[in-house]
Asks: 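Can you keep this structure in mind? I'll have questions shortly.
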Amino acid sequence: EDVATSISGIEKLLIVEQNLINFLEGYINENENKLYILKRKLDEYKEENAIGSRDTEKYVNNPLSSFSLIRRVASDWTDIMKFINSAPGKLYYSQITKILKSPEFPNSEDIFEAVEGFLRIQSTYKLEPMEVMRGVINGVQYDHEMNSKDLFELGTIAFSQGRHFYADEWLKASSAKYDLENNKNYYFNFDKETILEKAVENKIAQEDFFGAWRYVNQLLEVNPKSSKGLESLQNIDDTISYNYFNNITKKIKFFEEPTKPYDKMIIEMGCRDELTSDFTSALFCYYEKENHPFLKLAPIKVEIVNSENPFMVIFHEVISDKEIQILKDLSKTGLKRALVSNSTLNSSEKSNTRTAKLVWYDERDHKIFSTLIQRSEDMSGLSLSTYDRFQVMNYGIGGHYSVHNDFFGIPKNVDGFQYTKFQNGDRIATMLFYLSDVEQGGFTIFPNIFKAVKPKKGTCVFWYNLQPNCDGLIRSRHTACPVLVGNKWVMNIWIRSSGQMFKKPCPAGYQ
Ligand SMILES: O=C(O)CCC(=O)C(=O)O
Ligand SMILES: [Fe+2]
């Protein structure tokens with residue numbers, strides 16, 4: 001069930017693992033008991049046999065001991081064999097099997113998604129695998145380190161995706177970590193040779209034969225008979241000399257991180273907090289008291305982020321910790337993998353451009369939502385008579401949402417009126433509530449206006465998605481940066497244009 005795409009899902013895995021541990025322990029206890037009984041029988045037989053062997057004549061002449069000998073050999077051993085063949089811990093075995101087959105058990109797709117998330121944070125935040133290996137994330141030391149198998153898995157999946165540059169970094173880190181572990185961990189079918197073989201394969205795929213050569217030498221140092229090593233050595237020798245003789249050695253590529261398009265660079269700079277000092281120093285704040293009489297008593301702290309095109313503000317302390325807790329508790333059971341609409345197929349589908357889990361609510365689900373509607377109207381000055389339902393969302397490892405616009409871009413018919421299927425109009429404005437702080441990462445970036453917003457529990461970002469004539473405002477495009485460390489929760493309210501008839505009517509140009 002897509003465990004990796006939300007922290008809430010990953011939390012549940014700890015419980016799953018606890019059950020597995022308990023069952024394995026039960027299995028081991030029963031099997032230990034079997035060996036314990038066999039050991040006792042063994043000692044008993046050894047002792048009796050030793051007595052008999054010491055004075056054979058005396059032993060066999062005595063009817064008591066000779067009878068015992070006959071009985072022991074004739075009947076006990078059938079029982080012993082039966083006992084050896086028994087399979088203790090069967091119940092535990094079947095319980096473990098049941099968990100492995102249950103839907104909440106992660107599968108290879110989940111590992112894949114977790115790796116994807118990891119590679120995303122590596123690329124966005126320029127993580128150094130050699131540092132991550134020691135538990136350092138973006139310069140901050142954490143008390144958990146990755147083991148060589150974790151690092152190997154990252155390298156292997158990056159390799160299978162053709163992302164050789166990243167694969168090499170993880171495999172290098174895996175190899176270094178393996179040496180540091182000094183056989184502390186027990187791995188099934190995994191050792192230094194496994195890592196180096198993959199590293200060779202990756203370098204060859206990258207056509208970096210000199211790099212491959214270096215790994216092959218390490219591989220042959222670990223195991224001089226490695227068939228993979230010897231075979232690759234031959235291939236590399238042939239290729240390098242072929243290239244040499246054909247004078248194309250200089251064409252061998254230099255292996256750098258792939259370059260990124262400008263838009264992506266801006267976004268990633270924003271994610272790393274490299275935009276804020278340059279672009280948001282001009283912001284200023286005021287107290288909103290105009291929109292509703294209530295606000296005259298409890299003014300809202302407003303920070304202007306962008307004065308127009310799109311108009312964008314941050315409302316501070318507009319949802320309390322208590323309210324946030326209600327929303328999170330409500331959501332724990334309902335979270336489902338977020339989908340992205342595919343306009344060509346006219347459907348929604350799972351996509352790695354949006355890795356999170358979400359759930360929708362309206363006023364009927366809990367009384368808190370009526371309160372929030374009233375408050376949102378007071379804050380925005382817009383009517384929530386038309387809005388999409390409340391969308392509560394939780395991100396997972398590397399969870400992100402690629403750059404997008406929130407509006408639909410409703411096509412107009414010949415009269416200039418909107419299609420009836422968009423009765424409520426388009427998404428004129430977004431209210432994005434942060435329901436958590438995020439320890440590292442998870443900013444919301446607006447690349448066209450060079451703005452980066454850092455999540456802060458209790459605040460709400462408000463912006464327009466439409467131009468005054470209700471056409472989409474492309475400049476409002478934005479992205480949710482991958483979460484680096486932490487548990488990011490947000491809530492979206494999309495206000496629709498139809499309800500603004502008396503508040504903010506679309507001007508004449510629209511009709
Ligand atoms: O989580 C964020 O920072 C932005 C989310 C977003 O843009 C969306 O859900 O449409
Ligand atoms: Fe959005």
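As a basis for the values below, the full set of heavy atoms in this structure was taken, side chains included, without hydrogen atoms, waters or symmetry mates. Read the numbers this way: they start at 1 and go in the same order the structure lists the ligands and their atoms.
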Asks: Please list, in number order, the atoms of ligand 1 under 4.0 Å from a heavy atom of His404.
Replies: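 Answer for ligand 1: 6 (C), 7 (O), 8 (C), 10 (O).
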Asks: Going by heavy atoms, is Trp494 under 4.0 Å from ligand 1?
Replies: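 Yes, Trp494 has heavy atoms under 4.0 Å from ligand 1.
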Asks: Please report the closest heavy-atom contact between Lys177 and Met133, naming both atoms and the distance.
Replies: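 Looking at all heavy atoms of both residues, the closest pair is NZ-O, 3.1 Å.
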Asks: Which atoms of ligand 1 have any heavy atom of Ala480 under 4.0 Å away?
Replies: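 Numbered from 1, ligand 1 contributes 1 (O), 2 (C), 3 (O), 4 (C).
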Asks: For atom 9 (O) of ligand 1, grab the closest protein heavy atom and report residue, atom and distance to one decimal in Å.
Replies: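 I find the closest protein heavy atom is Asn492 ND2, 2.8 Å.
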Asks: For ligand 1, note which part of Asp406 has a heavy atom under 4.0 Å away: side chain, backbone, both or neither.
Replies: side chain
Asks: Which residues and atoms, protein N, O or S only, are under 2.8 Å from the Fe ion (ligand 2)?
Replies: His404 NE2, Asp406 OD1, His478 NE2
Asks: What do you reckon, is OH of Tyr142 surrounded by more than 12 foreign heavy atoms closer than 6.0 Å?
Replies: yes
Asks: As a test of understanding, state which of Phe446, Phe311, Trp494, Phe407 forms a ring pair (Phe, Tyr, Trp, His ring centres under 6.0 Å) with Trp463.
Replies: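 So, applying the ring pair (Phe, Tyr, Trp, His ring centres under 6.0 Å) to Trp463 and each of Phe446, Phe311, Trp494, Phe407, only Phe446 qualifies.
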Asks: Can you tell me which residue among Glu201, Glu207, Gln206 is in a side-chain hydrogen bond (donor to acceptor under 3.5 Å, both in side chains) with Lys203?
Replies: Gln206
Asks: What is the closest protein heavy atom to atom 1 (O) of ligand 1, and at what distance does it sit?
Replies: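 So the nearest neighbour among protein heavy atoms is Tyr395 OH, 2.6 Å.
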Asks: About how many Å separate CE of Met431 and CG of Leu384, when rounded to the nearest 0.5 Å?
Replies: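 Leu384 CG to Met431 CE: 7.5 Å, rounded to 0.5 Å.
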Asks: Taking N or O atoms only and a 3.5 Å limit, does His478 qualify as a polar contact for ligand 1?
Replies: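 His478 vs ligand 1: N/O contact under 3.5 Å present.
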Asks: Indicate, as side chain, backbone, both or neither, the part of His400 found under 4.0 angstrom from ligand 1 when only non-hydrogen atoms are considered.
Replies: neither
Asks: Can you measure from CG (Leu127) to OG1 (Thr124) and round to the nearest 0.5 angstrom?
Replies: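 So the CG of Leu127 and the OG1 of Thr124 are separated by 8.5 Å.
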Asks: For Ser476 and Asn405, which I'm curious about, is there any donor-acceptor pair between the side chains at under 3.5 Å?
Replies: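 Side chains of Ser476 and Asn405: pair found under 3.5 Å.
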Asks: Is a salt bridge present between Asp273 and Lys454, judged by a nitrogen-to-oxygen distance below 4.0 Å?
Replies: no
Asks: Measure the spacing between NZ of Lys488 and CD1 of Ile7 and express it to the nearest 0.5 Å.
Replies: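 Going from NZ on Lys488 over to CD1 on Ile7, the span is 12.5 Å.
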Asks: Distance alone, cut at 3.5 Å: any donor-acceptor contact between the side chains of Tyr215 and Asp208?
Replies: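 No, because no side-chain N or O of Tyr215 sits under 3.5 Å from a partner of the opposite role on Asp208.
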Asks: Would Thr479 count as being in polar contact with ligand 1, using the rule that some N or O on each side must be under 3.5 angstrom apart?
Replies: no
Asks: Counting from 1, what ligand 1 atoms have a heavy atom of Arg354 closer than 4.0 Å?
Replies: 9 (O)
Asks: For atom 3 (O) of ligand 1, what's the nearest protein heavy atom and its distance?
Replies: Thr444 OG1, 2.6 Å
Asks: Measure from the side-chain N and O atoms of Lys149 to the backbone N and O of Tyr187, and report whether any donor-acceptor pair falls under 3.5 Å.
Replies: no
Asks: Is the shortest side-chain N to carboxylate O distance from Arg375 to Glu323 below 4.0 Å?
Replies: yes
Asks: How close does the nearest protein non-hydrogen atom get to atom 2 (C) of ligand 1, and which residue and atom is it?
Replies: Lys488 NZ, 3.3 Å
